[in-house]
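The structure under discussion appears below in the form of structure tokens.
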Amino acid sequence: MRSAHIRRSVVAVAAAALLLTACGSGSDTGTEPVANEATTEVTAEPEEQEEEPEEEPEETDGDEEEPEEPEAPAEAVVMGPGDNSEQVRELQARLAQVGHFAAKPTGFYGDMTVGSVAAYQEAHEGLEVSGTVHTSTWEHLRARTTEPTRDELFPREQVMGYGDNSEQVRELQARLGQLGLFDENPTGYYGNVTVEKVKAYQRSAGLEVSGTVYDDTWSALTSATTQPAREEMYVPVEVPVVEKETPAGLDSRCMTGRALCISKTTNKLSWVVDGTVRTTLDVRFGTEEYPTREGQFTVYWKSRDHHSTLYDSPMPFAMFFDGGQAVHYSENFRQNGYTGGSYGCVNVRDRDAIASLFDQVREGDKVVVHW
């Protein structure tokens, strides 16, 4: 209703304006307006201003993504693949303390270190398995290990040790001989005698006395000696002259006490007690590459069910007399006869006979290997 009233007022004002305009448009008559024709002033009510409606928030269809939260800053990398530093060496030593690094620390972050770090991370909940050492991994590892010692960071490497049989051992024995610490002929076998001689050298050189040749011992020994000549490493064996052989054809050294008398000429082993032959057995010897050594020895160890870890072969009824060389039963000798040979041992093919002999021989009994 108010709007209609306003429109009528506006129309009335417009009409009055039009009438006044027409009245003053160049009329010459001068005629005064009639008294009753005076116009009536029409006043329009002030127009009300309508309030603009507030804008409503735009509707969403619900598919718009919510704003993402800012990502946390990336964790700092302490060490990673390709690094080469003392800190990497420390990492490897610490991993070794907890059983996750079996190699010798090198200071280089290669594939092995990547795998070891990943294994450590996988074993501990909360660590990202990446193979890279971030701050969290480094702090976690340091909290569970101790500061590595120098031996852990720079472990010694074994060069030779008990049970080895090689040309290098023969060289070791010859070098010790140059220093007056090995008064026997080099054999190439690293047995009890060599262990004691190495200990004597280590003691005199101010090294750790272990009886095992590590890189520090070998370096010191080679610096203190010269490269042995062949005559030093392979001392000619002098075969003793037998002034008078016994009627049985045995070496005279076998004629006293208790002796295993072994002849390379007849391929026979004779068990002799006080000059009396108790048993005689067929034997064979080592090949040309692994000769059975001649000389006088003693039985220093008996092992009934021995198994060679060096050659992975059984050695029943073994009676050791010189380093790794022993008298023992050989199934190969029984089956193949004198074809082939041993790695230096004296093989017997009669199992029952050597089983009986094994029970009779004592540690300390004499062994004579001769031609």
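Every heavy atom of this structure was used, including side-chain atoms; hydrogens, water molecules and symmetry mates were not.
Residues R304 and D359 are paired through a salt bridge, judged by an N-O separation under 4.0 Å between the basic side chain and the carboxylate. Note on R142 versus E139: no salt bridge recorded, every NZ/NE/NH1/NH2 to OD/OE distance being 4.0 Å or above.
Screening V299, D365, V368 against L260 for a side chain to side chain contact (heavy atoms under 4.5 Å, CB included) leaves a single residue, V299. The residue from Q173, E232, R175 that alone fulfils the side chain to side chain contact (heavy atoms under 4.5 Å, CB included) condition with P186 is Q173.
Using a 4.5 Å heavy-atom cutoff, the side chains of V98 and L141 are in contact. Residues E171 and L221 fail the side-chain proximity criterion, which asks for heavy atoms closer than 4.5 Å. Residues L91 and F101 are not in side-chain contact: their nearest non-hydrogen atoms beyond the backbone lie 4.5 Å or more apart. Residues V133 and Y109 are in side-chain contact: their nearest non-hydrogen atoms beyond the backbone lie under 4.5 Å apart.
When the side chains of ILVMFWY residues are joined at heavy-atom separations under 4.5 Å, either directly or via intervening members, V361 and F297 end up in a single hydrophobic cluster. In the hydrophobic clustering of this structure, V235 does not group with M233; members are Ile, Leu, Val, Met, Phe, Trp, Tyr whose side-chain heavy atoms approach within less than 4.5 Å, directly or through other members.
Proximity of a side-chain donor or acceptor of E363 to a complementary backbone N or O of K302 within less than 3.5 Å is detected. Remark: side-chain polar atoms of R258 are paired, donor with acceptor, to backbone N or O of Q360 under 3.5 angstrom. In this structure, R89 contributes its side chain and P105 its backbone to a donor-acceptor pair below 3.5 Å.
Within the cation-pi definition used here (under 6.0 Å to the ring centroid, within 45° of the axis), R349 qualifies as a partner of F333.
Considering CG of L153 and CD of E147, their distance stands at 8.0 Å, rounded to 0.5 Å.
In Q158, the CD atom is crowded: over 12 heavy atoms of neighbouring residues, nucleotides or ligands sit closer than 6.0 Å.
Between the side chains of T292 and Q325, no donor-acceptor pair is found at a separation under 3.5 Å.
Using cut-offs of 30° and 60° for the angle between ring planes, the Y300 and F320 rings count as tilted. Between Y120 and H100, the angle of the ring planes goes over 60°, which puts this pair in the perpendicular group of the 30/60° scheme.
Contacts classified as ring-ring contact (aromatic ring centres under 6.0 Å, His included) and involving residues 154-206 (residues at least two apart or in different chains) are not found. Sequence neighbours left out, the pairs with a member in residues 204-215 that pass side chain to side chain donor-acceptor pair (under 3.5 Å) are R156-E208, Q202-S210.
The distance between the ring centers of H124 and H140 falls below 6.0 angstrom.
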